[in-house]
Amino acid sequence: MSALASHRKPRSRTAKPSTAVGFTTAALAGVTLLSSQSAGAAPAEPKPSVEEVQKKVDDLYRQAGTETQRYNKAKEATEGKRREVGKLLDEAAQRTEKLNESRRALGNYAAAQYRTGAVTPTAALLFADSPQAYFDQSQLMDRMTDQQRETISEYETERAAAAEQRSEATKSLESLTESQQALRESKRTVQTKLAEARELLSKLTAQEKARLAEIERQKEEEARRKAEAKAKAEAEARAQAEAERRQQEQQNDTSPGTGTGTGTGTGTGTSPDSGYAAKADKVLAFARAQIGKPYVWGATGPSSYDCSGLTQAAWKAAGVELPRTTWDQVKVGQRVATGDLVPGDLVFFYDDISHVGIYIGGGKMIHAPKPGANVREESIYYMPIYGSVRPA
């Protein structure tokens, strides 16, 4: 047995790879894969700062305000076109009724000629495309009485007028459709801008929201200081005017009456009369009664307002009709400088004139600010001033 065992071929053993080597290879492959993915991926955008978010949100609200004015203008145009179309359709119906009356009169003439056995050119005329063509036929004109001629003339006039009325109504309907389309587009744009603003705000952490609130507080504080400075200047101007008035009264009392009346009034024309002040009191009373009601874009009251809806309603309470949009309201009345503002004046903001408020004195106004806010008093310096007008 031992001899046989010595002649056996030794078994060849296959060397097994080291476990450590396998892990190393896998790790290297993983690193290579991750490196290639990282190199191909775009770098993530850095999160905007609170200040950037605040600036972006303010800009979106301003853009929404601009689109709100565009919406208001389109809505006003749509309502006007709808009234115009309704009027034209009513007139077209009346024209059609008159045309039918003329047609019935012609039918009666045709029937009478048929019963008497006479030639019936009137019947042919009734169904002709152009009654005017028959007027050139003298033999037909000879057979017509004056009353028949008048009836046919009325028929032709009414038919032409009805055709023109239908054409005008069709054009107005097309214009109405365009206005409605502009209205829908403006509405979508406003909703998009507001949704973007809400999304930006929703991504802020509690700490970031607190920081944003602090930025707003600082902005309001700065605007308040400017308003207080203007209020002080207004008080000083009133005191000076009162002192000058008293001094003038004293001079009049001490000087002998000569009756010469040599006054040299040098007024600048920016001070309103008592009639304006009376109207302004009504405007401010109305505006103060709306404080606390929510801003809603496109709203004109009574439960909510946008900025120009509030100013329009307030001045309407004083008997003055203002246009609907800020763009049209700024064209009404007399332009006044910021330093010459008096209660009741309208103050407009931003280069695109997308916001307006009612001046109440002391550098403050009542306005419907923006979505999510209520009608309130605020410094006119909270936003960049475009200009001001005295509506009446």
Quiz item: Quick one: are R211 and I215 in side-chain contact, heavy atoms under 4.5 Å?
Solution: yes

Quiz prompt | Salt bridge present between E199 and K203 (N-O < 4.0 angstrom) | solution = yes

Quiz item: Can you hop from L204 to Y61 via hydrophobic side chains spaced under 4.5 Å?
Solution: yes

Quiz item: Does the side chain of P343 reach to within under 4.5 Å of the side chain of I360, using non-hydrogen atoms?
Solution: no

Quiz item: Should the heavy atoms of other residues, nucleotides or ligands under 6.0 Å from CD of Q218 be counted, would the total exceed 12?
Solution: yes

Quiz prompt | Qualifying residues under side-chain contact (heavy atoms from CB on, under 4.5 Å), relative to K226, sequence neighbours excluded | solution = E222, Y381

Quiz item: Between the side chains of Q181 and E185, does any donor sit under 3.5 Å from an acceptor?
Solution: yes

Quiz prompt | Presence of salt bridge, D340 and R390, under 4.0 angstrom | solution = no

Quiz prompt | SB check E220 R217 (cutoff 4.0 Å) | solution = no

Quiz item: Quick one: are Y350 and T326 in side-chain contact, heavy atoms under 4.5 Å?
Solution: no

Quiz prompt | Distance-minimising heavy-atom pair for N374 and P369 | solution = O-CD, 3.1 Å

Quiz item: Counting heavy atoms not belonging to K187, are there more than 12 under 6.0 Å from its NZ?
Solution: no

Practice problem: Taking all non-hydrogen atoms of both residues into account, name the closest pair between R335 and G387 and its distance. | Solution: NH2-CA, 3.9 Å

Practice problem: Enter the distance from C307:SG to I366:CD1 here, rounded to the nearest 0.5 Å. | Solution: 14.5 Å

Self-check item: Salt-bridge contact E221-R225 (side-chain N to carboxylate O under 4.0 Å)
Solution: yes

Quiz item: Quick one: does E321's side chain get under 4.5 Å of K316's, heavy atoms only?
Solution: yes

Quiz item: Who are the side-chain contact (heavy atoms from CB on, under 4.5 Å) partners of K193, not counting sequence neighbours?
Solution: L60, Q63, A64, T189

Quiz item: If Ile, Leu, Val, Met, Phe, Trp and Tyr residues are connected whenever their side-chain heavy atoms lie under 4.5 Å apart, and connections chain through other members, are V375 and W297 in the same group?
Solution: no

Self-check item: Same cluster (ILVMFWY, side-chain, under 4.5 Å), V190 and I353
Solution: no

Exercise. Run the numbers on K56 and E52 for salt bridge (Lys or Arg N to Asp or Glu O under 4.0 Å), then give the verdict.
Key: CA-CA 6 Å; K56 180 65 175 176; E52 290 173 337; over 6 Å; no

Quiz item: Got a salt bridge between E249 and R245, using NZ or NE/NH1/NH2 to carboxylate O under 4.0 Å?
Solution: yes

Quiz item: Within a reach of under 6.0 Å around NZ of K370, are more than 12 heavy atoms found that belong to other residues, nucleotides or ligands?
Solution: yes

Quiz item: In terms of heavy-atom contacts, does NZ of K293 have more than 12 from other residues, nucleotides or ligands at under 6.0 Å?
Solution: yes

Quiz item: What residues form a salt bridge (charged side-chain N to carboxylate O under 4.0 Å, His left out) with R184, not counting sequence neighbours?
Solution: none

Quiz item: Going through the distances and angles, do F348 and Q329 end up as a side-chain contact (heavy atoms from CB on, under 4.5 Å)?
Solution: CA-CA 9 Å; F348 298 85; Q329 289 181 8; 3.9 Å; yes

Quiz item: In Å and rounded to the nearest 0.5 Å, what is the NZ to CD1 distance from K364 to I358?
Solution: 16.0 Å

Practice problem: With sequence neighbours left out, write down each residue that passes side-chain contact (heavy atoms from CB on, under 4.5 Å) with T66, or none if nothing qualifies. | Solution: R62, R70, W327, D352, S354

Exercise. Using the test salt bridge (charged side-chain N to carboxylate O under 4.0 Å, His left out), find all partners of E196 that sit at least two apart in sequence or belong to another chain.
Key: none

Quiz item: What do the steps show when you test L201 against L212 for side-chain contact (heavy atoms from CB on, under 4.5 Å), and what is the final call?
Solution: CA-CA 10 Å; L201 293 173; L212 182 62; 3.6 Å; yes

Quiz item: So, does E208 use its side chain to make a donor-acceptor pair with the main chain of V50 at under 3.5 Å?
Solution: no

Quiz item: Can you get from Y295 to M383 by hopping between Ile, Leu, Val, Met, Phe, Trp and Tyr side chains that sit under 4.5 Å apart?
Solution: no

Quiz item: With side chains defined as the heavy atoms from C-beta onward, is the minimum distance between L346 and V332 less than 4.5 Å?
Solution: no

Practice problem: For side-chain contact (heavy atoms from CB on, under 4.5 Å), just list the numbers for Y305 and Q312, CA-CA rounded to whole Å, side-chain angles, deciding distance to a tenth of an Å, and then say yes or no. | Solution: CA-CA 10 Å; Y305 297 90; Q312 183 187 47; over 6 Å; no

Practice problem: Nearest 0.5 Å please: distance from the OG1 atom of T68 over to the NZ atom of K73. | Solution: 14.5 Å

Quiz item: Which atoms form the tightest heavy-atom contact between A280 and G344, and what is the distance?
Solution: CB-CA, 4.0 Å

Quiz prompt | Side-chain donor-acceptor pair present, Q69, S308, cut-off under 3.5 Å | solution = yes

Quiz prompt | With sequence neighbours excluded, residues passing side-chain contact (heavy atoms from CB on, under 4.5 Å) with E234 | solution = K230, R238, Y359

Self-check item: Spatial distance of atom CD (Q290) from atom OG (S304) [nearest 0.5 Å]
Solution: 10.5 Å

Quiz item: Taking all non-hydrogen atoms of both residues, which atom of G363 and which atom of A227 are closest, and how far apart?
Solution: O-CB, 3.4 Å

Practice problem: Using a 4.5 Å cut-off on heavy atoms from C-beta on, say whether the side chain of L341 contacts that of I380. | Solution: yes

Quiz item: Between V356 and F349, does a side-chain contact (heavy atoms from CB on, under 4.5 Å) hold up when you go through it step by step?
Solution: CA-CA 6 Å; V356 63; F349 301 90; 5.7 Å; no

Practice problem: Measure the spacing between CG of D306 and NE2 of H355 and express it to the nearest 0.5 Å. | Solution: 9.5 Å

Practice problem: Nearest 0.5 Å please: distance from the CZ atom of F286 over to the OG1 atom of T311. | Solution: 10.5 Å

Quiz item: For P323 and D328, which heavy atoms make the closest approach, and how far apart are they?
Solution: CB-CB, 3.4 Å

Practice problem: State, yes or no, whether a side-chain contact exists between E216 and D58 at a heavy-atom distance under 4.5 Å. | Solution: yes

Quiz item: Is there side-chain contact between R324 and T300, with heavy atoms separated by less than 4.5 Å?
Solution: yes

